[in-house]
Protein chains: 2
Amino acid sequence: MVRKTKEDAEITRRHLIDAARRVFLECGVSRSTLEKVASVAGVTRGAVYWHFKNKTELFFAMREQAILPFVDRVVFDAEDEDPLAGIEAALREIIQILVDQPATRETFEIISFKCEYVDEFAAMMQCTAGQLDFLRQLGEAYARAGQRGVLRAGLVPEALAYDTFLFAGGLIKHWLSSAPDEHFRGGVDAMIRTHVALRRA
Amino acid sequence: MVRKTKEDAEITRRHLIDAARRVFLECGVSRSTLEKVASVAGVTRGAVYWHFKNKTELFFAMREQAILPFVDRVVFDAEDEDPLAGIEAALREIIQILVDQPATRETFEIISFKCEYVDEFAAMMQCTAGQLDFLRQLGEAYARAGQRGVLRAGLVPEALAYDTFLFAGGLIKHWLSSAPDEHFRGGVDAMIRTHVALRRA
DNA sequence: CTATTTACATACATCCGCGTTTGTATAAAC
DNA sequence: GTTTATACAAACGCGGATGTATGTAAATAG
């Protein structure tokens, strides 16, 4: 019994991506072998090469799935009467995604720490469209905050946006690299509050 | 003529570390072969294995050299009458080190983007003693700023320190990944000023 | 019901990088 | 002036990962 139905094949494909995530996380992308991925998925390398051209394509297939939750869940409401609260909520939501979506969290950990940005992966170093969009939305939210008068005087929305952007990136990175029971994770909420409070009038 | 004098050997060792940095930066640590490193250094793999146990040891030898400039140049003056200005200066100094010490900059780029944190490299994920020290010094500087009354009211030094710590990390990372002529690099000074200004009374 | 395609498993050939070993000319020790 | 240790170069053997080629049983198309 080798040949499977179309749905079975799709399941195999997902199993392969799941297995790849596990192996990448443990061994790093470079040291991960397609043999390991296949065996974790309960198949052979033949299945891998059937569904994907090579390890690179498998990696990007895995990566794509992790981006979706963010565009869905991290949104800014332009009608919000307190844009700063919206920013604060967005920051908390980012961390929350990492909390309740282990696959996304693991993929981010791989992208952040278990992958070398050379050759085929070099392009990943630049900000993604999603990141740039997040940066832009931060700027717009800060601009609205300024108009509504909840912002401290004399602050440039763009500079604030970048500051928060870097803060968010650092937050994610340190949250990922910290142990679940570590002191850092408990303090995240307070850090987010402090960060936003600094901007309030 | 094979056997060299002790000084010659030391020169070879440095050449190897320089070559390793170049190759690591171009190929990533995993894809870097000791053959490439050796040939760039103008020697053979024999020389590499004479001076270093393996690629890992060569990597850490390279890494160690990049940490020194920071402990030397990023200092906080406890007697400073404006600790916030001291923090601002420290942040600027960090970027300045990257500007005028290409080797340090390249090593940081390798550590940030061209290296997978698994197995022997997994320990690197945690904050180094130097980083923790930087974090601590930030906290103390903010505490002094509070005592001198230059800090905004109601701010906790520790939270501020962490915010600045994440900011600095993000700043370095984005500075490294940005092109020399990119808009981002020109805006760094303003971003540092904004970041610190947010905390001023 | 037959033909063909699918979804893999299996087998094969190749190359690459690593660690080790051996060789060797010279510097340093005595 | 020997002897020994040094600082490499050159050669060896090895496993491991990759990509491809082939085999094959079942699903699907006609």
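Sequence lines set the chain letters: A, B, ... in the order given, protein chains first and strands last, and positions in each chain run from 1.
- A/Leu16 and A/Val37 get closest at one heavy-atom pair: O-CG1, 3.9 Å.
- Whole-Å rounding puts the B/Phe52 CZ to C/dG19 C1' distance at 17 Å.
- Atom CG of A/Asp8 is separated from atom C1' of D/dA25 by 14 Å (rounded to the nearest Å).
- Straight-line distance from the CG atom of A/Leu58 to the C1' atom of D/dA17: 15 Å, rounded to whole Å.
- Side-chain proximity of A/Thr44 to D/dA9, C/dT10, D/dA7: nearest is C/dT10.
- Rounded to whole Å, atom P of D/dC8 lies 10 Å from atom CD1 of B/Ile11.
- Rounded to a whole Å, the NZ atom of A/Lys36 is 10 Å from the P atom of D/dG16.
- Summarising the geometry, the separation between CD on B/Glu57 and P on C/dG19 is reported as 11 Å, rounded to the nearest angstrom.
- Side-chain contact between B/Arg200 and B/Arg152 is absent, with no heavy-atom pair separated by less than 4.5 Å.
- For an aromatic pair to be called close, the ring centres must be under 6.0 Å apart, and B/Tyr162 with A/Phe184 satisfies this.
- Residues that satisfy the side chain to side chain donor-acceptor pair (under 3.5 Å) test with B/Glu158, not counting sequence neighbours, are absent from this structure.
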Show each protein N/O and nucleotides 18-22 of chain D N/O combination with a separation under 3.5 Å, one pair to a line.
| residue | atom | partner | partner atom | Å |
| --- | --- | --- | --- | --- |
| D/dG19 | OP2 | A/Tyr49 | OH | 2.3 |
| D/dG19 | N7 | A/Arg45 | NH2 | 2.5 |
| D/dG19 | O6 | A/Arg45 | NH2 | 2.8 |

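- The minimum heavy-atom distance linking B/Glu106 with B/Leu25 is given by the pair CG-CD2, 3.7 Å.
- B/Asp80 has no carboxylate O lying under 4.0 Å from a charged side-chain N of B/Arg144, or vice versa, which leaves the two without a salt bridge.
- Residue B/Thr12 has no polar side-chain atom (N or O) positioned under 4.0 Å from OP1 or OP2 of D/dA7.
- In this model, the phosphate group of C/dA7 is not approached by any side-chain N or O of A/His51 to a distance below 4.0 Å at OP1 or OP2.
- Note on B/Trp50: a side-chain N or O is less than 4.0 Å away from OP1 or OP2 of D/dA7.
- When only modelled atom types and interatomic distance are considered, B/Tyr117 and A/Ser177 share no side-chain donor-acceptor pair under 3.5 Å.
- Look at NZ on A/Lys6: it is 14 Å from C1' on D/dA26, rounded to the nearest Å.
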